[in-house]
Structures are given as C-alpha cells and as structure tokens.
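Residues: numbered from 1 along the sequence shown.
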Amino acid sequence: MSGTEKGGSGGSTKTPADFLKSIRGRPVVVKLNSGVDYRGILACLDGYMNIAMEQTEEYVNGQLKNKYGDAFIRGNNVLYISTSKRTNAEGA
C-alpha cells in the first residue's frame, strides 16, 4: 500500500529521466509549444529540458522548412520529446 512496494520484476519501473538518458544519440522528434517539430539526433539535454540536436530538420505543418547541422532548443519552448520512427533514408 505504501510507496515502497516493488513489482516482481525488481527495477523495471522507468522514470522520465531514465527514458531521456536512454534516447541520447538516437533519432527524436521535439515538438514545440508553437507547433513546430524538430527532428534529428538527440546530442544532450539538461534538467531544464534545454536540448542540443544534430542533423536537425525543421517541420512546420508537416512540411520540411529548414535543415540545420546543430540546433539548440530552449527547454521552456518544448511541448514533448518522442523517439522517431523515421530514418533519414525514408525522407529521401
């Protein structure tokens, strides 16, 4: 009943921080509060959700608008981060 109970799998509970650590170096989609998506490789992020990305593409209303080598996104603009199922080859 208390918060100290553990499931039978012993440590299978993942926190958001664990998820963010596990996706570093992988393709992600970062959606901003403005509705703009940034897709690229997650280089690093901090506790304020400030994000550094590589091979970044900017999508507005689902349409590719720009390509950047590196991009830095201030954390207060981030709505969510998700893993990307697309590969660079699919867009070509």
Residues that, via side-chain heavy atoms closer than 4.5 angstrom, fall in one hydrophobic cluster with Leu79 | Tyr80
Roughly how far, to the nearest 0.5 Å, is CZ of Arg39 from CG of Leu64?
-> 9.0 Å
Got a sec, which residues hit salt bridge (charged side-chain N to carboxylate O under 4.0 Å, His left out) with Lys21, two or more places apart in sequence or on another chain?
-> none
Keeping to residues at least two apart or across chains, list the salt bridge (Lys or Arg N to Asp or Glu O under 4.0 Å) pairs with something in residues 63-78.
-> Glu57-Lys67
Smallest separation among heavy atoms of Lys14 and Ser22, with atom names = NZ-OG, 3.8 Å
State which residues pass side chain to side chain donor-acceptor pair (under 3.5 Å) with Thr15; sequence neighbours excluded, sorted by chain then number.
-> Asp18
Name all pairs fulfilling the side-chain hydrogen bond (donor to acceptor under 3.5 Å, both in side chains) condition that reach into residues 41-54, sequence neighbours left out, sorted by first residue then second.
-> Asp46-Asn50
Besides Leu20, the hydrophobic cluster formed by Ile, Leu, Val, Met, Phe, Trp and Tyr side chains linked at under 4.5 Å, directly or via other members, contains Phe19, Ile23, Val28, Val30, Leu32, Val36, Tyr38, Leu42, Leu45, Met49, Ile51, Met53, Val60, Tyr68, Ile73, Val78, Ile81
